**Q** 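Dumping the structure here so I can ask a few things about it.
All of these numbers come straight from a predicted model, not from anything done at the bench. All ligand and atom numbering here is 1-based and tracks the order in the structure. Sequence positions, counted from 1, serve as the residue numbers for this chain. All values below come from the heavy atoms of this structure, side chains included, with hydrogens, waters and symmetry mates left out.
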Amino acid sequence: MKDRPASCLDAFEVDAISVDEARQIITNEITPISASETVPVREGLKRYLATDIISPINVPPHTNSAMDGYALAGSDLPTTTPVDYKVSGASFAGVPSTESYQSGTVVRIMTGGVMPTGTDTVIPQELVETLDDNTIRLEAEHKAGQNVRHPGEDLAQGKKIFDKGRKLSAADIGILASLGFGEIDVLIRPKVAFFSTGDELRSIGEALKEGEIYDSNRYTLFAMLKNLDAKIIDLGVIPDTEKDIQDAFKKAAEESDIFISTGGVSVGEADYIKPTLKLLGETHFWKLAMKPGRPLTYGTVHHNNVSAKFFGLPGNPVAVMVTFLQFVQPAINYLASGKQQKPIFLKATSEENIKKRPGRTEYIRGVFEQTPDGGFSVKRTGKQGSGILMSMSLANCFIHFDADSSGVNQGDTVEILPFEGVV
Ligand code: AMP
Ligand code: MG
C-alpha cells in the first residue's frame, strides 16, 4: 500500500479496494458477540436471541372453534335433506362445556371455545336456521371437520420456533408471550463510540466565528446508531492535534467494541487519524473504490489489553451517512448477531440520464416512486456534492452503480436500495 492520503483529485488509485472486498475484510476481522443477558420479554424488541427458542407447549393447546356457531360430530351432518338438532350445551372461550356431548345434538360454541369431546365440526351461526331457543336446523351443505383449530396448529410443542441470532420483531414478542416466556436470553448490545475531528467544528450553543461550522456528523451518527439499538458513547469533538487524537483512540478502544471518527482522513488535513491507527493498532484498509466515501479507513486499535474495531469516516456529511449505512451498520449488526445483512435491491426506471465514470461503486441519492404499472421510477435528489446533506434528507433510496458501470440513459433500468422503513 502506498502511504499517501487519498485525494479527490486522483481518479482511481490502484490500491483502492472494491466495496465487496471491503465488506469481506470487515466481517473477517469481527468476532460476533456471544455474551448474553436475560431481559423481560417486553424489553426484547430489536434485540438478538442468544439461544434457539423451542416451543414448550402447543399453541393453541386445545382443539377449539374458529367461529361463533354450533359444534357437532361431522358424521351427524345432514346428507340429503335438512335436519333439526337440539342445543345440548354451550362452550365459550375459557369456559368449556361441562356436560358430555350427546350424539345427534349440537353444542353452542364461541370462537376459541374448546371443542367438546365427540365433536369435530363447527357450523357458523350465519348458516344455521334457529327454530326456537333450543332447536336449530341445518341444511345438507356442510362438510365434516370445518372451522376447527387443532392443537399446535400455530406452534407445535417441541418445534424450533426461532434461531439464535434472530432480531426480535413485534410479532416475535407476541409469539414468545403466547409460548409463556416471561423472560428471554438475548445477546448483549455492542458498545459503539464516536467522535468528530476538525478545528473548524463548534458545538451547538457556541457562537460561530469566521470559517467555523456546527458539528452535524455526531448528530447524524447518533441518530443512525439509535436505529440499531447499540450502546452509544459520544466522545465529542476532538481537536486536530496528535495528542488529542491519540487520547481519543485510547479512550474509545477501552470503552467500546467499535468506534467511529469523522474527518481528518483526506488531503490537506492535519492528518492524525492514519498515523494514530498505525501507532496503536493495524490498518485493514484505508481507501475504497467508491463514491462518496473513498477515504474510508478500517482497522483494529489496542490499548491496555483490550481492542476495538475502528472506522475512520470521511468528514463530509453525506460521505459519513453513506459509509455508515454501507459498512459500519452491517459491521455493528454482524458483531451484534453473527448474521450478515443482505441488502434488498429493487429495479427502477431512471427518469434522467446519469453520467458516471467507470472504476468505482457509486451511491447516488434518489427518490423513487411507484408507477401506474406497479413498477418503480427514480430520479436524483438535485445536487449530489458529498457536503450537501439535503441530498440525503430528500432521498428515500440510493441509486446503486457497480464499479464498471458508465451510467445510464433516461428510461434505462437502474438498481435502487430503498432506505430502511421506506418499503
Ligand atoms: P475532512 O475530511 O476533515 O477534510 O472534512 C471534509 C469536509 O467535511 C470539510 O468541509 C469539513 O468542514 C466537513 N466536516 C468535517 N467534519 C464535520 C462535522 N462533524 N460536521 C459537519 N461537517 C464536517
Ligand atoms: Mg477535518
**Q** What do you reckon, does Ser216 have a nitrogen or oxygen under 3.5 Å from a nitrogen or oxygen of ligand 1?
**A**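 For ligand 1, there is an N or O atom that lies under 3.5 Å from one belonging to Ser216.
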
**Q** Using ring-ring contact (aromatic ring centres under 6.0 Å, His included) as the criterion, point out the one residue from Phe259, Trp286, Phe311 that pairs with Tyr298.
**A**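 Of Phe259, Trp286, Phe311, ring-ring contact (aromatic ring centres under 6.0 Å, His included) with Tyr298 is met by Phe311 alone.
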
**Q** Taking the six-membered ring of Phe327, is NZ or CZ of Arg23 closer than 6.0 Å to its centre and within 45° of its axis?
**A**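 Output yes; distance and angle both within limits.
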
**Q** Counting heavy atoms only, which part of Ser196 comes closer than 4.0 Å to ligand 1: side chain, backbone, both or neither?
**A**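 It is the side chain that gets close, since no backbone atom is under 4.0 Å.
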
**Q** Under 4.0 Å from any heavy atom of Asp215, which atoms of ligand 1 are there?
**A**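 Those atoms are 18 (C), 19 (N), 20 (N).
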
**Q** Side chains of Thr38 and Glu183 only: does a donor on one sit below 3.5 Å from an acceptor on the other?
**A**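 Checked: Thr38/Glu183 side chains show no N/O donor-acceptor pair below 3.5 Å.
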
**Q** Counting heavy atoms only, which of Asn316, Val320, Asn217, Ile213 comes nearest to atom 16 (N) of ligand 1?
**A**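 It is Asn217 that holds the nearest heavy atom.
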
**Q** For ligand 1, find out whether one of its N or O atoms is nearer than 3.5 Å to an N or O atom of Pro314.
**A**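 N/O-N/O distance below 3.5 Å does not exist for this pair.
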
**Q** Search all heavy atoms of His302 against all heavy atoms of Gly281 and return the closest pair with its distance.
**A**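 Scanning both residues, the minimum pair turns out to be CD2-CA, 3.8 Å.
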
**Q** Looking at Tyr70, I'd like to know if the NZ or CZ of Arg108 sits under 6.0 Å from its six-membered ring centre while staying within 45 degrees of the ring's axis.
**A**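 Checked: cation-pi criterion met.
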
**Q** Is it the side chain (CB and beyond), the backbone, both or neither of Glu200 that lies under 4.0 Å from ligand 1, heavy atoms counted?
**A**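 Side chain only.
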
**Q** Check whether the side chains of Asp373 and Thr371 place a donor and an acceptor atom closer than 3.5 Å, and report yes or no.
**A**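 Side-chain D/A pair, Asp373 to Thr371: present.
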
**Q** Compare Ser261, Gly315, Gly211, Pro295 and give the one whose heavy atom is closest to atom 14 (N) of ligand 1.
**A**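 Residue with the shortest heavy-atom distance to the ligand atom: Gly315.
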
**Q** Taking the non-hydrogen atoms of Gly264, is any one of them nearer than 4.0 angstrom to ligand 1?
**A**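 Yes.
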
